[in-house]
Amino acid sequence: TNLQNQNDQNQTPSIYTEYVTQSQQTAKSLANAIGMPLNDFANINGIQPGDTVKAKTVVKVPNNLAFKTAFLVPKK
């Protein structure tokens, strides 16, 4: 699939950590919970700032951000 090919190209040492959303959230609420600008979060994840992210979606977060939120758990 297209998405798979995209992921294969990103196998350089990652500056991102992958998390899985636990419930449906807006991109804005996820960005706020993580503590990063909405536009940056949207760009990293290839979504629009106004998008809603479904539960069980993998999202990328920069490694240098420390946050605690029930919205996201580290991808196993």
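Keep in mind it's a predicted model, so treat the numbers as computed, not measured.
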Mind checking what makes side-chain contact (heavy atoms from CB on, under 4.5 Å) contact with [X], not counting sequence neighbours?
| X | result |
| --- | --- |
| Asn39 | Pro49 |
| Asn43 | none |
| Gln24 | Thr52, Lys54 |

Residue pairs involving residues 28-47 (criterion ring-ring contact (aromatic ring centres under 6.0 Å, His included); sequence neighbours excluded): none
Backbone of Gln48 reached by a side-chain donor or acceptor of Asp51 within 3.5 Å: yes
Under 3.5 Å donor-acceptor, Thr57 side chain and Thr21 backbone: no
Residues in side-chain hydrogen bond (donor to acceptor under 3.5 Å, both in side chains) contact with Asn63, at least two apart in sequence or another chain: Thr17
Between NZ on residue Lys60 and CD1 on residue Ile34, distance to nearest 0.5 Å: 13.0 Å
Rounded distance [0.5 Å steps], CD1 in Ile47 versus CG in Leu38: 8.0 Å
Sequence neighbours excluded and cut-off under 3.5 Å, please list the side-chain donor-acceptor pairs for residues 66-76, or say none.
{"from": "Thr69", "atom 1": "OG1", "to": "Phe71", "atom 2": "N", "distance (Å)": "3.0"}
{"from": "Lys75", "atom 1": "NZ", "to": "Glu18", "atom 2": "OE1", "distance (Å)": "3.2"}

Joint cluster assignment, Leu30 & Tyr16, ILVMFWY side-chain distance < 4.5 Å: yes
Nearest heavy-atom neighbours spanning Ile44 and Pro62: CD1-CG, 3.8 Å
